[in-house]
Chemist: 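Handing you a structure now.
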Amino acid sequence: MNIALKEWASVVAALEAGLQVCLLRKGGIVEADRGGFQLRYRRFLLFPTYEHEHALLVKDQFKSLVTETREEFHELSLVCEVTDVVTTSGYETVQAASEHFIWNDAFLRKRLDYKPNLPLYALLLRAYRLPSPIRIPDRPSYAGCKSWVHLTEEIDVSRLEPVLTDAEFARRSEALLDALQLALR
């Protein structure tokens with residue numbers, strides 16, 4: 001596999017620890033001029049980034065996930081599969097589901113205020129661990145405010161282990177979907 005979705009390193013850590021099962025996406029600067037985020041792939045690697053990540057935008061109990069480390073390589077450890085996509089309808093919708101992710105209200109408002117004409121998507125993800133993290137060098141083609149990167153490297157994804165059991169993932173994703181759906185009514 002050589003397709004990766006860029007996401008804050010702290011959020012990747014939260015997914016890997018089983019602390020959340022979703023991403024909120026609006027798109028990077030590159031996508032904003034093209035109508036916003038587009039789910040081009042339903043299965044992908046997660047590409048941890050530090051751009052725009054800030055401890056002030058996560059809940060207090062998760063601040064330890066935010067690091068200031070910027071290395072000359074990227075460590076890939078997760079493959080994700082999108083199970084559901086929900087288009088949110090504003091602050092009340094995402095705030096109603098806030099117990100299901102590490103971001104705080106400041107992040108939610110900032111995300112919604114950025115290009116308010118573009119939708120904010122909640123992507124429910126089934127996360128799988130690679131047998132061991134893969135380090136790849138940072139490359140100029142990976143830089144920039146864009147969601148998707150095409151890796152130069154081909155990553156073997158034949159031996160994956162789910163982060164959560166089937167039962168736990170079903171329970172967590174159902175609870176998140178219920179929270180989002182109740183807020184949409």
Side-chain angles (χ1 to χ4, degrees), residues 4-28 36-37 39 44-71 74-115 118-130 133 145-149 161-165 167-184:
L5 181 68
K6 292 171 85 172
E7 185 54 70
W8 289 3
S10 58
V11 174
V12 174
L15 286 160
E16 188 166 15
L19 298 173
Q20 70 182 53
V21 294
C22 73
L23 296 178
L24 296 176
R25 301 302 296 196
K26 206 172 215 186
F37 176 75
L39 183 61
F44 46 81
L45 292 148
L46 278 182
F47 189 92
T49 67
Y50 302 93
E51 293 176 62
H52 312 296
E53 179 178 58
H54 200 289
L56 294 175
L57 299 175
V58 299
K59 295 172 187 166
D60 289 343
Q61 67 267 36
F62 301 115
K63 289 191 186 305
S64 64
L65 296 175
V66 179
T67 64
E68 296 298 322
T69 306
R70 283 168 176 68
E71 303 287 344
H74 297 275
E75 192 168 279
L76 309 177
S77 59
L78 290 181
V79 171
C80 290
E81 214 170 274
V82 176
T83 62
D84 293 276
V85 178
V86 177
T87 305
T88 67
S89 62
Y91 174 75
E92 292 76 22
T93 306
V94 290
Q95 205 285 325
S98 68
E99 72 180 82
H100 299 282
F101 42 74
I102 68 168
W103 302 289
N104 64 20
D105 282 350
F107 170 83
L108 299 179
R109 291 193 185 281
K110 182 176 181 175
R111 198 77 218 123
L112 288 161
D113 289 346
Y114 172 74
K115 301 277 185 178
L118 297 177
L120 180 65
Y121 299 100
L123 306 178
L124 273 72
L125 302 177
R126 183 75 197 261
Y128 299 88
R129 284 188 195 93
L130 293 171
C145 291
K146 58 187 175 186
S147 295
W148 299 102
V149 291
E161 184 165 322
V163 169
L164 300 172
T165 65
E168 181 62 12
F169 177 75
R171 186 188 71 71
R172 301 271 304 281
S173 60
E174 185 177 319
L176 175 57
L177 283 171
D178 285 349
L180 290 169
Q181 297 302 328
L182 286 173
L184 287 171

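Predicted, not measured: the structure shown is a model, and the values here were computed from it.
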Chemist: Does the Lys NZ or Arg CZ of R126 fall within the cation-pi geometry relative to F169 - under 6.0 Å from the ring centre and within 45° of the axis?
Modeler: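 Pair R126/F169 counts as cation-pi.
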Chemist: Determine, stepwise, if the pair F62 / N104 fulfils side chain to side chain contact (heavy atoms under 4.5 Å, CB included).
Modeler: CA-CA 10 Å; F62 301 115; N104 64 20; over 6 Å; no
Chemist: Heavy atoms only: give me the nearest V66-A55 pair and the separation to one decimal.
Modeler: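 Of all heavy-atom pairs spanning V66 and A55, the closest is CG1-N, 3.8 Å.
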Chemist: Would you indicate whether the side-chain heavy atoms of V163 and L78 approach each other to under 4.5 Å?
Modeler: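 Yes, close enough: below the 4.5 Å cut-off.
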Chemist: Take atom CD of E161 as the centre, draw a 6.0 Å sphere, and report whether it contains more than 12 heavy atoms from other residues, nucleotides or ligands.
Modeler: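 It does not: E161 CD has 12 such atoms or fewer within range.
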Chemist: If I compare all heavy atoms of I102 with all of Q20, which pair ends up nearest, and what's the gap?
Modeler: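 Minimum heavy-atom separation between I102 and Q20: N-OE1, 2.9 Å.
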Chemist: Rounded to the nearest 0.5 Å, how far apart are CD of E81 and CG of L123?
Modeler: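 E81 CD to L123 CG: 13.0 Å, rounded to 0.5 Å.
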Chemist: Measure from the side-chain N and O atoms of K146 to the backbone N and O of K6, and report whether any donor-acceptor pair falls under 3.5 Å.
Modeler: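 No, because the side chain of K146 does not come within donor-acceptor range (under 3.5 Å) of the backbone of K6.
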Chemist: For V85 and L124, what are the C-alpha separation, side-chain angles and deciding distance, and is it a side chain to side chain contact (heavy atoms under 4.5 Å, CB included)?
Modeler: CA-CA 6 Å; V85 178; L124 273 72; over 6 Å; no
Chemist: As a quick check of understanding, evaluate side chain to side chain contact (heavy atoms under 4.5 Å, CB included) for L46 and L23, giving each step before the final call.
Modeler: CA-CA 11 Å; L46 278 182; L23 296 178; 4.3 Å; yes
Chemist: Please find the pair of heavy atoms, one from F37 and one from Y121, that lie closest to each other, and give the distance.
Modeler: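 What the structure gives for the nearest pair is O-CE1, 3.7 Å.
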Chemist: To check you understand the geometry: which heavy-atom pair defines the closest contact between E16 and R129, and what is its length?
Modeler: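 Shortest heavy-atom separation between E16 and R129 comes out as O-NH2, 2.8 Å.
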Chemist: Determine whether V79 and L130 make a side-chain contact, defined as any pair of heavy atoms from C-beta on separated by less than 4.5 Å.
Modeler: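 V79 vs L130: side chains touch.
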Chemist: Is atom CD of E174 surrounded by more than 12 heavy atoms (other residues, nucleotides or ligands) closer than 6.0 Å?
Modeler: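 No, because the 6.0 Å sphere around CD of E174 holds 12 heavy atoms or fewer from other groups.
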Chemist: Tell me, do F107 and L56 make a side-chain contact under 4.5 Å, heavy atoms counted?
Modeler: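 In short, these two side chains do not touch, never coming nearer than 4.5 Å.
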Chemist: Kindly compute the distance separating CG (L108) from OH (Y91), expressed to the nearest 0.5 Å.
Modeler: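 The OH atom of Y91 is 6.5 Å from CG of L108, to the nearest 0.5 Å.
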Chemist: Before you tell me yes or no, could you show the steps for L112 and R109 under side chain to side chain contact (heavy atoms under 4.5 Å, CB included), namely the whole-Å CA-CA distance, both residues' side-chain angles and the distance that decides it to 0.1 Å?
Modeler: CA-CA 5 Å; L112 288 161; R109 291 193 185 281; 5.9 Å; no
Chemist: Out of curiosity, L19 CG to L65 CG, how far, rounded to the nearest 0.5 Å?
Modeler: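 L19 atom CG to L65 atom CG measures 6.5 Å (nearest 0.5 Å).
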Chemist: Counting distance only, does the side-chain N/O of K63 pair as donor-acceptor with the main-chain N or O of V58 below 3.5 Å?
Modeler: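 Side chain of K63 to backbone of V58, a donor-acceptor pair under 3.5 Å: yes, one is there.
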Chemist: Any side-chain heavy atom of P48 sitting closer than 4.5 Å to one from L76?
Modeler: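 Touching, per the 4.5 Å side-chain cut-off.
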Chemist: I need the R25 CZ to T88 OG1 distance, nearest 0.5 Å.
Modeler: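 Spacing of CZ (R25) from OG1 (T88) equals 13.5 Å.
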Chemist: Any chance you could measure R111, atom CZ, to L118, atom CG, to the nearest 0.5 Å?
Modeler: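 With rounding to 0.5 Å, CZ (R111) is 9.5 Å from CG (L118).
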Chemist: Would you call K110-D113 a salt bridge at under 4.0 Å N-O?
Modeler: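 D113 and K110: not salt-bridged.
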Chemist: Distance from K115 atom NZ to L120 atom CG, nearest 0.5 Å?
Modeler: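 CG of L120 is found 15.0 Å from NZ of K115.
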Chemist: For L164, is there any backbone N or O sitting under 3.5 Å from a side-chain donor or acceptor partner on R172?
Modeler: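 Not confirmed, R172 side chain does not pair with L164 backbone.
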Chemist: List the atom of C22, the atom of W103, and the distance in Å for their closest heavy-atom pair.
Modeler: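 Between these two residues, the closest heavy atoms are O-CH2, 4.0 Å.
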Chemist: Given the side-chain rings of F47 and W8, with only the six-membered ring counted for Trp, is the space between their centroids under 6.0 Å?
Modeler: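 For F47 and W8, the ring centres are not under 6.0 Å apart.
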Chemist: How close do F44 and L125 get, heavy atom to heavy atom, and via which atoms?
Modeler: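 What the structure gives for the nearest pair is CZ-CD2, 3.9 Å.
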